[in-house]
Participant: 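I have a structure here, written as structure tokens, and I will follow up with some questions on it.
Just so you know, ligand 1 is whichever comes first in the structure, and atom 1 is the first atom listed for that ligand. Computed from a prediction, not measured in an experiment: that's the story for all the values here.
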Amino acid sequence: MAIYKALTIAGSDSGGGAGIQADLKTFQELGVYGMSVITAVTAQNTLGVQGVYPMSAEAIERQLASIGEDLQPDALKTGMLFSGDIIRVVAAAIQQYGWNHIVVDPVMIAKGGASLLQQEAIEAMIRHLLPLADVVTPNIPEAEALSGMVITDHESRQLAAKRIHQYGCKNVMIKGGHEPNTEQATDLLYDGTSFTEFTSNRLITPHTHGTGCTFAAALTSGLAQGLATKESLGLAKRFIHAAIGEPLHIGGGHGPTNHWAYQRGVRATVAAAAQAVTTERGALG
Ligand SMILES: Nc1ncnc2c1ncn2[C@@H]1O[C@H](COP(=O)(O)OP(=O)(O)OP(=O)(O)O)[C@@H](O)[C@H]1O
Ligand SMILES: Cc1ncc(CO)c(N)n1
């Protein structure tokens, strides 16, 4: 059996709902072997971010080299990168080791408002990282920061996607979790030629901590297994919808999503089908 390997380069969330922890849980659930390079440690829970402690560039470089010298990832994602220096180190390693299938989740601000990326780092991300990306997955505020324009409607979202695409990434997926007053959660993909929408009903819940990380990790899992970009995005959309749809109700604030929900749904469907076959056989004979 082939073992597909996925790498996350991101920050640690002590509360377990976002960052490295969300990524590794998602990789595991989707059947890929997960590896991590930790860029920063956050003291964080469902109530907010209580502390941010970036790793040194040397510590990050060393982790990247340990992966590069031994374990080639089939796909990787970046999450919280915090500074321009860290972005340059990560971009250099991607090039040095010839890694492919790169998902850049341009994490900037946690849902509670804490900054996870310094302002000066946006320029470095545009210059060094986006040209290496197969898919970049900004939410609406991140797409505004990257494109330098305000997104108010469908047309301005399309224009922002085109602007971001010009930085050299192959695909831009502007996620719609932050779109106000909509009954649907619609994500917009631009591949340099045409637009594709991925839509689900909007779930009403405060428990959306780590949705972006989980979505990008599911996308990375699909790419690691050799699925095409659109197939992987479809998988990610189904995975996050299931994860938001069955919240765990832990913590006193914005709780994490449920990383078990998607596979439990798949297993239940398979079990129901097996039951139907057994019943039919029983009826026949
Ligand atoms: N309430 C919701 N109901 C259904 N889908 C949602 C909801 N909120 C977010 N999503 C979906 O979750 C995925 C992540 O989108 P979102 O815009 O929330 O990311 P994000 O803001 O980067 O997340 P994070 O807060 O973790 O940084 C997208 O596919 C989006 O459509
Ligand atoms: C470590 C980390 N990465 C990303 C996010 C964004 O959800 C977060 N809250 N924490």
Participant: Taking the minimum heavy-atom distance to atom 4 (C) of ligand 2, which of G11, A110, C213, S14 ranks first?
Facilitator: C213

Participant: L116, V136: one ILVMFWY side-chain cluster at the under-4.5 Å cut-off?
Facilitator: yes

Participant: Are side-chain N/O atoms of N171 and H165 paired as donor and acceptor at under 3.5 Å?
Facilitator: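 Distance-only check fails for N171 and H165.
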
Participant: Counting only heavy atoms not in R163, do more than 12 fall under 6.0 Å of its CZ?
Facilitator: yes

Participant: Under a 4.5 Å side-chain heavy-atom rule over Ile, Leu, Val, Met, Phe, Trp and Tyr, are V90 and L146 clustered together?
Facilitator: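 Shared cluster, yes.
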
Participant: For ligand 1, give me the residues whose heavy-atom distance to it is below 4.0 Å, by chain and number please.
Facilitator: K111, N139, K175, G177, H178, A185, D187, N201, R202, L203, G210, T211, G212, F215, K237, I240, I244

Participant: Quick check: are there more than 12 heavy atoms from other residues, nucleotides or ligands sitting under 6.0 Å from CD of E120?
Facilitator: yes

Participant: When hydrophobic residues are tied together by side-chain contacts of less than 4.5 Å, even through go-betweens, does V104 share a cluster with F82?
Facilitator: yes

Participant: Run down the list Q44, H254, Q21 and name the one with the heavy atom closest to atom 10 (N) of ligand 2.
Facilitator: Q44

Participant: Please determine whether the number of non-hydrogen atoms from other residues, nucleotides or ligands lying under 6.0 Å from atom OH of Y33 exceeds 12.
Facilitator: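 Count not over threshold, so no.
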
Participant: Would the number of heavy atoms belonging to other residues, nucleotides or ligands and lying under 6.0 Å from CD of Q119 be above 12?
Facilitator: no

Participant: For ligand 2, which atoms, with element, lie under 4.0 Å from some heavy atom of V107?
Facilitator: 4 (C)

Participant: Of the listed options (A114, G112, A216, G19), which comes nearest to atom 3 (N) of ligand 2 when hydrogens are ignored and any heavy atom counts?
Facilitator: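 Result: the heavy atom closest to atom 3 (N) of ligand 2 is in G19.
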
Participant: What heavy-atom pair brings D105 and K175 nearest, and what distance separates the two atoms?
Facilitator: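 Nearest heavy atoms, D105 then K175: OD1-NZ, 3.5 Å.
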
Participant: Heavy atom of H209 under 4.0 Å from ligand 2?
Facilitator: yes

Participant: Just to be sure I read this right, does ligand 2 sit under 4.0 Å from the backbone of L116, its side chain, both, or neither, counting only heavy atoms?
Facilitator: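 Side chain only.
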
